Every structure is written in C-alpha cells, then in structure tokens.
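Everything quoted here is computed from the prediction, not taken from an experiment.
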Amino acid sequence: MALATFGAGCFWGVEYFFRKVEGVIDCTCGYMGGKDCYSSYNEVKTGTTGHAEVVQVEYDAEKVSFEQLLQVFWQNHNPTTLNQQGGDIGSQYRSTVFFHDKQQKLEAEASKLALIKSAKWGSRQIVTEIVPCQKFHPAEAYHQDYLTKNNLPSCHISY
C-alpha cells in the first residue's frame with residue numbers, strides 16, 4: 001500500500017471524493033504542515049498553528065496511480081485561490097500536495113505544470129504548494145467520514 005496526502009480546503013469534501021476512487025483503501029482526515037506538536041481542530045481552525053487540513057490517502061498502487069489521485073485532487077478544488085476554498089478562508093485551507101517520495105514530487109510538479117499549460121484557469125496563477133510530507137496528525141474521530149456519517153452532500157465543487 002502507498003500513501004498520498006492532499007490539502008484542498010475543508011478535509012470533509014476532500015475525503016469524500018477520494019473515498020469514491022477505486023483502489024483507495026482508506027482516507028484519514030488530519031493536519032499537516034505546521035508545528036510538529038499535535039493541534040486540535042479548534043486550534044487549527046484559527047489559522048495560527050501552520051497546519052493545513054489534509055486527507056491522507058492509503059491506496060493500492062496496483063489499482064490506482066498517484067497520477068490518477070492527482071487528477072482527482074485538481075478536479076475537486078480551486079488551485080488559484082490562496083488560502084481559501086469557497087467560504088473557507090485561512091492558511092489551513094491552502095492547496096497543497098505533501099509528497100512522500102521523490103517520484104511523487106516529480107509527478108506532482110509535472111501535473112501542476114500540465115494544468116498551467118492547459119490554461120484551464122486562464123491567466124490565474126496556480127498557488128498549490130508541493131512540499132515534503134511532514135508529521136501527520138489524524139483529526140478527531142468525529143471528522144472521519146463526516147459527510148457520510150451525517151448524510152450530507154459534498155461541500156466541494158468539482159471543477
């Protein structure tokens with residue numbers, strides 16, 4: 001099994017889309033990119049911890065590629081809004097790929113460049129960070145599979 005970690009706004013919607021991908025074994029909402037110490041949701045949502053809301057995706061690389069996961073990532077958030085997705089504003093909602101190895105870094109950079117060249121977003125700058133994986137802190141239990149547990153639709157818009 002392999003791991004991929006993405007930040008694309010509220011982790012509930014990000015988790016929702018990745019759970020639908022064949023070959024994805026599990027998704028865990030959590031925090032990454034801030035201080036190494038654990039931060040609670042109430043702390044992270046203030047935007048002062050440096051963490052991003054992320055989803056760590058465990059997947060079977062024989063069934064789904066990292067490149068395919070990147071496509072899901074790009075299709076389900078706006079990578080041109082700095083520290084914001086829709087009404088969610090703050091650095092905790094930034095667009096980020098946390099790569100786990102050199103190959104993921106290369107693939108993420110290539111997919112970002114392809115998106116830029118596609119002109120899908122016109123002249124707007126793609127602000128997505130591509131940075132090394134850091135310590136992952138799972139979010140509180142009530143955040144896991146939140147939309148399904150609460151019978152809610154996705155809070156993300158597909159692009």
Side-chain angles (χ1 to χ4, degrees), residues 1-36 39 44 49-86 88-139 143-148 154-159:
M1 296 305 129
L3 290 177
T5 307
F6 302 97
C10 172
F11 47 33
W12 299 338
V14 178
E15 176 193 33
Y16 173 85
F17 286 109
F18 281 112
R19 283 196 180 278
K20 296 169 91 175
V21 176
E22 186 174 337
V24 168
I25 308 303
D26 198 15
C27 295
T28 305
C29 292
Y31 316 111
M32 187 178 284
K35 301 172 202 155
D36 276 344
S39 294
V44 172
T49 68
H51 288 97
E53 287 193 13
V54 299
V55 173
Q56 191 156 81
V57 180
E58 182 182 359
Y59 64 101
D60 182 341
E62 300 283 324
K63 295 182 180 177
V64 63
S65 68
F66 183 66
E67 183 179 352
Q68 290 169 306
L69 296 177
L70 285 164
Q71 290 172 5
V72 173
F73 169 75
W74 295 121
Q75 291 169 357
N76 290 291
H77 81 293
N78 181 341
T80 69
T81 53
L82 184 63
N83 298 330
Q84 177 180 355
Q85 288 299 310
D88 294 326
I89 300 170
S91 61
Q92 68 273 29
Y93 301 114
R94 64 189 178 271
S95 175
T96 310
V97 177
F98 287 98
F99 60 85
H100 290 254
D101 57 35
K102 184 178 180 179
Q103 187 61 37
Q104 282 189 354
K105 177 184 181 187
L106 295 172
E107 288 182 37
E109 289 171 343
S111 71
K112 180 178 176 180
L113 184 58
L115 182 62
I116 292 166
K117 288 181 177 180
S118 77
K120 175 180 179 174
W121 295 96
S123 62
R124 292 182 282 176
Q125 181 182 3
I126 306 298
V127 297
T128 303
E129 301 173 331
I130 299 173
V131 295
C133 184
Q134 297 176 0
K135 183 162 178 55
F136 176 71
H137 302 280
H143 288 296
Q144 310 305 328
D145 209 14
Y146 183 87
L147 296 178
T148 301
S154 171
C155 51
H156 275 64
I157 299 171
S158 294
Y159 290 91

Walk me through whether F17 and Q75 qualify under side chain to side chain contact (heavy atoms under 4.5 Å, CB included).
CA-CA 10 Å; F17 286 109; Q75 291 169 357; over 6 Å; no

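- With rounding to the nearest 0.5 angstrom, the OG atom of S95 is 9.0 Å from the CD1 atom of I130.
- Heavy atoms only, all atoms of each residue included: L69 and F18 are closest at O-CE2, 3.5 Å.
- By the side-chain contact (heavy atoms from CB on, under 4.5 Å) test, Q134 pairs with M32, sequence neighbours left out.
- In this structure F99 satisfies the ring pair (Phe, Tyr, Trp, His ring centres under 6.0 Å) test with no other residue, sequence neighbours excluded.
- Applying the side chain to side chain donor-acceptor pair (under 3.5 Å) criterion to Q103, with sequence neighbours excluded, gives E107.
- Residues G9 and V14 approach most closely at O-CG2, 4.4 Å, considering heavy atoms.
- Relative orientation of the Y31 and F11 rings is tilted, given thresholds of 30° and 60° on the angle between their planes.
- With sequence neighbours excluded, no residue forms a side chain to side chain donor-acceptor pair (under 3.5 Å) with Q92.
- Residues T81 and V127 have side chains not in contact (no heavy-atom distance under 4.5 Å, counting atoms from C-beta outward).
- Partners of I25 under the side-chain contact (heavy atoms from CB on, under 4.5 Å) rule, at least two apart in sequence or in another chain, are M1, E58, D60.
- Between V97 and A108, the shortest heavy-atom contact is CG1-CB, 3.9 Å.
- Taking NZ of K135 as the start and NE2 of H51 as the end, the distance is 9.5 Å to the nearest 0.5 Å.
- Judged as a ring pair (Phe, Tyr, Trp, His ring centres under 6.0 Å), and not counting sequence neighbours, the contacts of F73 are F6, H77.
- By the 4.5 Å heavy-atom criterion applied to side chains, Q104 and F66 are counted as neighbours.
- Residues that satisfy the ring pair (Phe, Tyr, Trp, His ring centres under 6.0 Å) test with Y59, not counting sequence neighbours, are absent from this structure.
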Test I126 against W121 for side chain to side chain contact (heavy atoms under 4.5 Å, CB included), laying out the working first.
CA-CA 8 Å; I126 306 298; W121 295 96; 3.7 Å; yes

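- Closest approach of A8 and Q85 over heavy atoms only: O-CG, 3.6 Å.
- The shortest distance between side-chain heavy atoms of Q144 and T28 falls below 4.5 Å.
- By the side-chain contact (heavy atoms from CB on, under 4.5 Å) test, R19 pairs with E15, D26, C27, D145, sequence neighbours left out.
- Remark: S91 pairs with no residue by the side chain to side chain donor-acceptor pair (under 3.5 Å) rule, at least two apart or across chains.
- Among pairs with a residue in residues 70-85, none fulfils salt bridge (charged side-chain N to carboxylate O under 4.0 Å, His left out), at least two apart in sequence or across chains.
- Taking the side chain as every heavy atom from C-beta outward, N83 and I89 never approach each other to under 4.5 Å.
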Check the pair Q125, I116 against side chain to side chain contact (heavy atoms under 4.5 Å, CB included), reporting the backbone distance first and the verdict last.
CA-CA 8 Å; Q125 181 182 3; I116 292 166; over 6 Å; no

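- Without hydrogens or angle criteria, D88 side chain to Q84 main chain gives no donor-acceptor distance under 3.5 Å.
- Taking 4.5 Å as the limit, every side-chain heavy atom of K63 sits out of range of all side-chain heavy atoms of V24.
- A search for side chain to side chain donor-acceptor pair (under 3.5 Å) contacts involving T5 returns Q56, H100, not counting sequence neighbours.
- Annotation: side chain of P79 is in contact with side chain of L115 (closest heavy-atom distance under 4.5 Å).
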Checking Y146 against C29 for the side chain to side chain contact (heavy atoms under 4.5 Å, CB included) test, could you report, in this order, the C-alpha distance in whole Å, the side-chain angles of both residues, the deciding distance, and whether it holds?
CA-CA 9 Å; Y146 183 87; C29 292; over 6 Å; no

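- Residues passing the side-chain contact (heavy atoms from CB on, under 4.5 Å) test with V131 are T96, F98, E129, sequence neighbours excluded.
- Residue F136 comes nearest to G30 through the heavy atom pair CE1-CA, 3.7 Å, listed as atom of the first residue, atom of the second, then distance.
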